[in-house]
Protein chains: 2
Amino acid sequence: MDKTRASIVSVAREAGVSLQTVSNVLNFPERVKPETTKKVLAAIEKLNYTPNLSARRLRSKKSSSIAVRVDSNAPVGKGSDGLYSGYIQDEFVYELVRASEIRGIKVFTYTCDPGENEVDKLTKLINSRDVDGFLLTSTVEADPRLKYLIDRNVPFLSFGRPWGSSAEFASSYPWVDVDGASGTRDATKMFWKLGHRTIGFLGWRTTNPSSTKPKSVADDRLLGWSQTYAELRDSKAKKSPRDYCELGDETIASARASAARLLSRHPDIDAIVCASDTLALGAQMEIASLKKNIPVSGFDNSPTSKVFNFSSLDQNISEIASLALKVLMGDEGNSIRKIDSSKQIAEPNLIIPPRLVVR
Amino acid sequence: MDKTRASIVSVAREAGVSLQTVSNVLNFPERVKPETTKKVLAAIEKLNYTPNLSARRLRSKKSSSIAVRVDSNAPVGKGSDGLYSGYIQDEFVYELVRASEIRGIKVFTYTCDPGENEVDKLTKLINSRDVDGFLLTSTVEADPRLKYLIDRNVPFLSFGRPWGSSAEFASSYPWVDVDGASGTRDATKMFWKLGHRTIGFLGWRTTNPSSTKPKSVADDRLLGWSQTYAELRDSKAKKSPRDYCELGDETIASARASAARLLSRHPDIDAIVCASDTLALGAQMEIASLKKNIPVSGFDNSPTSKVFNFSSLDQNISEIASLALKVLMGDEGNSIRKIDSSKQIAEPNLIIPPRLVVR
DNA sequence: CTGAAAGCGCTTACAG
DNA sequence: CTGAAAGCGCTTACAG
């Protein structure tokens with residue numbers, strides 16, 4: 001098989017044209033006359049030719065590849081339960097690979113365990129010329145990867161906003177994110193429409209719970225509920241919405257405790273919006289043990305939300321992945337574009353509202 | 001940065017040696033005198049040189065890369081609950097990438113949705129010279145990927161046995177797998193040691209439940225329990241072990257129903273070994289709703305087993321991943337070895353017993 | 001629109 | 001153990 005593998009030379013010979021006519025057909029089809037193209041394509045077909053991508057990369061100095069980190073979900077030493085923590089991450093990798101295949105680019109994977117130096121790994125990948133760009137997740141202002149890549153003009157995109165950083169910093173690099181507030185707003189509205197009037201919230205601890213400018217995912221998801229609930233309900237008759245929420249850790253145990261507190265403080269609560277599927281599951285378990293019948297909603301639309309049959313918010317990972325590539329590569333084409341710092345991407349386009357899945 | 005990137009030429013000049021001395025230092029260090037090596041390494045360090053891997057691949061005709069498929073865990077149209085189905089798969093990808101980094105090889109990812117032709121995708125990857133081999137999961141005898149790769153002498157390894165195929169077929173290609181029977185045996189023994197004497201089993205439906213030659217994962221995990229339990233207990237006084245098990249689907253609902261049936265038939269059951277964490281969770285839920293206190297054990301040691309605090313079996317994915325690479329690449333070195341059909345790998349070495357995690 | 005030449009950065013023969 | 005040459009299979013200038 002190796003001996004008979006077609007090269008661009010054999011294709012050219014077969015088609016009776018020169019090397020670079022074949023190359024043009026592959027890379028700049030518009031430069032070639034239709035009939036010539038036809039002959040070349042026939043030869044390619046006949047010889048079952050596929051370009052040698054190493055040769056292409058070497059010559060063109062483009063790898064047409066990106067790298068993404070894969071993480072372990074092993075349940076060791078995690079702050080959260082980790083029950084579903086890997087779900088979105090893994091789904092993102094899948095959707096990214098899928099979107100990349102459509103764009104004709106390859107996805108390299110690498111790992112980086114806590115304690116390892118990720119910048120070293122990035123350096124190796126860049127220097128070996130294997131990748132043109134990166135897809136990062138959970139970048140923060142102090143993130144050394146950010147500084148490293150920006151300094152070197154290496155294209156990259158982050159899935160996740162730099163929460164709590166200045167607007168200037170946030171607009172200094174490209175990112176896409178999920179609109180958490182929009183999600184919890186939709187869940188709150190759904191419960192309201194269904195006739196629920198006392199809608200509680202279970203979230204994560206936050207440092208500035210009263211702000212209207214969210215500085216974390218926790219703030220963001222809290223805000224969507226609190227604003228919406230305040231708007232919807234009779235504003236005079238009741239206490240502040242803030243009294244109808246409990247904030248804690250991303251664990252079943254914490255969620256159960258929070259739900260118990262919330263329901264003992266407000267026995268009239270008839271629906272609970274939760275910041276995650278883990279919290280929703282914990283709340284559901286507590287509600288069941290109290291022999292109550294109160295619907296909950298989660299976030300992520302993980303398999304768990306389906307199994308335990310509660311409404312949840314689908315992050316549209318597929319859309320986010322193709323948007324990520326659009327930012328990295330432009331609307332079409334198959335090369336990672338060089339960074340053009342003069343051209344800023346309009347921020348609002350990069351925050352994708354999740355889709356409520358009602359169960 | 002691009003302009004100043006070091007090449008092998010600049011390193012050679014810096015070190016005052018020829019090109020291929022540098023190349024030798026990198027690829028055949030034993031051919032080079034220590035002091036020459038030292039000079040070259042100093043130059044590499046000084047110029048921060050990393051070989052251009054596309055050039056290396058083109059010339060050496062080795063990609064030093066493998067491909068692995070990444071799948072979606074999205075909870076749509078799956079037979080099983082999918083609650084944890086993706087966990088092992090994703091963990092395997094992570095451990096494979098990690099083990100590959102140690103071996104100096106890269107991992108490409110690709111996707112293949114139901115209805116797509118995976119062989120076409122393999123062909124593209126091979127023809128473009130981007131990969132030397134593949135890591136497949138869940139191969140069966142009729143698997144077209146198997147025939148395709150074997151026919152073309154493309155190195156690959158499967159994570160998972162070809163259940164139910166002939167011994168001849170099973171030994172016609174390399175695979176590694178988990179010893180399911182050993183796992184459920186260990187769980188059964190643990191419960192026995194803790195004083196439990198009536199140990200039930202929850203598994204998946206199987207076509208030949210009475211065979212001692214397992215033909216599926218379902219058989220395998222069932223067998224470990226039934227044999228062990230038969231050995232341990234008083235063989236005369238009681239019914240056949242088979243009466244102490246229930247087989248069903250990989251769903252919470254099915255597990256709850258199975259557990260209910262099992263416990264109503266044998267109220268004296270004081271522990272239940274389960275074929276998966278999903279089944280164990282279902283059993284645990286049913287037991288709780290019956291206000292009983294019966295421990296369960298699962299399989300996979302998924303985050304769920306930790307959260308719901310039941311014992312489970314860790315598949316040692318990390319070990320399996322490095323074993324996979326050992327099969328593909330030999331004990332050491334960093335190239336995927338060509339297939340040598342004359343040399344058969346000793347099968348028993350390829351079945352790894354899982355590790356019981358007691359909770 | 002098509003063609004002959006150069007060259008991307010390595011490794012692999014082959015000499016010494 | 002080290003060196004000068006060839007060449008992997010493409011794409012990219014540059015001519016026509």
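Keep in mind that what you see is a predicted model, and the values were worked out from it rather than measured. Labels below follow one simple rule: chain letters A, B, ... track the order of the sequence lines, proteins then strands, and each chain is numbered from 1.
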Asks: Using whole Å, report how far CZ of B:R31 lies from P of D:dT2.
Replies: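 So the two atoms are 12 Å apart, to the nearest Å.
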
Asks: Could you work out, with side chain to side chain contact (heavy atoms under 4.5 Å, CB included) as the rule, every residue matching B:N48, not counting sequence neighbours?
Replies: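 Result, side chain to side chain contact (heavy atoms under 4.5 Å, CB included) vs B:N48: A:N127.
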
Asks: Output every pair passing salt bridge (charged side-chain N to carboxylate O under 4.0 Å, His left out) with a member in residues 15-40 of chain B, not counting sequence neighbours, ordered by first then second residue.
Replies: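 Listed by first then second residue: nothing to list.
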
Asks: In B/S/- notation, 5' to 3', how is nucleotides 8-16 of chain D contacted by protein heavy atoms closer than 4.0 Å?
Replies: BBBBB----

Asks: Categorize B:E35 for me: base, sugar-phosphate, or nothing, with a 4.0 angstrom heavy-atom threshold over every strand shown.
Replies: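 No contact at all - B:E35 keeps every heavy atom at 4.0 Å or more from the nucleic acid.
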
Asks: May I ask you to verify if any side-chain N or O of A:T21 is less than 4.0 angstrom from the OP1 or OP2 atom of C:dC1?
Replies: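 For C:dC1, neither OP1 nor OP2 has a side-chain N or O of A:T21 closer than 4.0 Å.
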
Asks: Can you list the residues that meet the side chain to side chain donor-acceptor pair (under 3.5 Å) rule with B:K61, with sequence neighbours excluded?
Replies: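 In terms of side chain to side chain donor-acceptor pair (under 3.5 Å), with neighbours along the sequence ignored, B:K61 is linked to no residue.
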
Asks: For residues 105-116 of chain A, pull every pair meeting salt bridge (charged side-chain N to carboxylate O under 4.0 Å, His left out), keeping only residues two or more places apart or in separate chains.
Replies: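 Sorted result for residues 105-116 of chain A: A:K106-B:D130, A:D113-B:R98, A:E116-A:K121, A:E116-B:R98.
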
Asks: Provide the full list of ring pair (Phe, Tyr, Trp, His ring centres under 6.0 Å) pairs with a residue in residues 99-124 of chain A, sequence neighbours left out, each pair given once.
Replies: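 The answer is A:F108-B:F108.
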
Asks: For A:E14, enumerate each residue passing the side chain to side chain donor-acceptor pair (under 3.5 Å) test, keeping only those at least two apart in sequence or located in another chain.
Replies: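 For A:E14, the residues satisfying side chain to side chain donor-acceptor pair (under 3.5 Å) (neighbours in sequence not counted) are A:K46.
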
Asks: For A:D90 and B:N73, which I'm curious about, is there any donor-acceptor pair between the side chains at under 3.5 Å?
Replies: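 There is no such pair (donor and acceptor under 3.5 Å, judged by atom type) between the side chains of A:D90 and B:N73.
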
Asks: Kindly state which residues belonging to residues 36-45 of chain B come within less than 4.0 angstrom of DNA chain C, counting heavy atoms of the residue only, listed by number.
Replies: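 None, since no heavy atom is under 4.0 Å.
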
Asks: Could you work out, with salt bridge (charged side-chain N to carboxylate O under 4.0 Å, His left out) as the rule, every residue matching A:K124, not counting sequence neighbours?
Replies: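 A:K124: no salt bridge (charged side-chain N to carboxylate O under 4.0 Å, His left out) contacts found.
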
Asks: For DNA chain D, what are the stems built from at least three Watson-Crick or G-U pairs in a row, each pair having both distances below 3.5 Å?
Replies: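 Runs of three or more consecutive pairs: C:1-3 with D:14-16, C:5-12 with D:5-12, C:14-16 with D:1-3.
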
Asks: Report the residues that fulfil side chain to side chain donor-acceptor pair (under 3.5 Å) with B:R145, sequence neighbours left out, ordered by chain and then residue number.
Replies: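 In terms of side chain to side chain donor-acceptor pair (under 3.5 Å), with neighbours along the sequence ignored, B:R145 is linked to B:E118, B:D143.
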
Asks: Test of understanding: with side chain to side chain donor-acceptor pair (under 3.5 Å), list the residues that count as partners of A:S100, not counting sequence neighbours.
Replies: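 Scan of A:S100 (side chain to side chain donor-acceptor pair (under 3.5 Å), adjacent residues dropped) gives none.
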
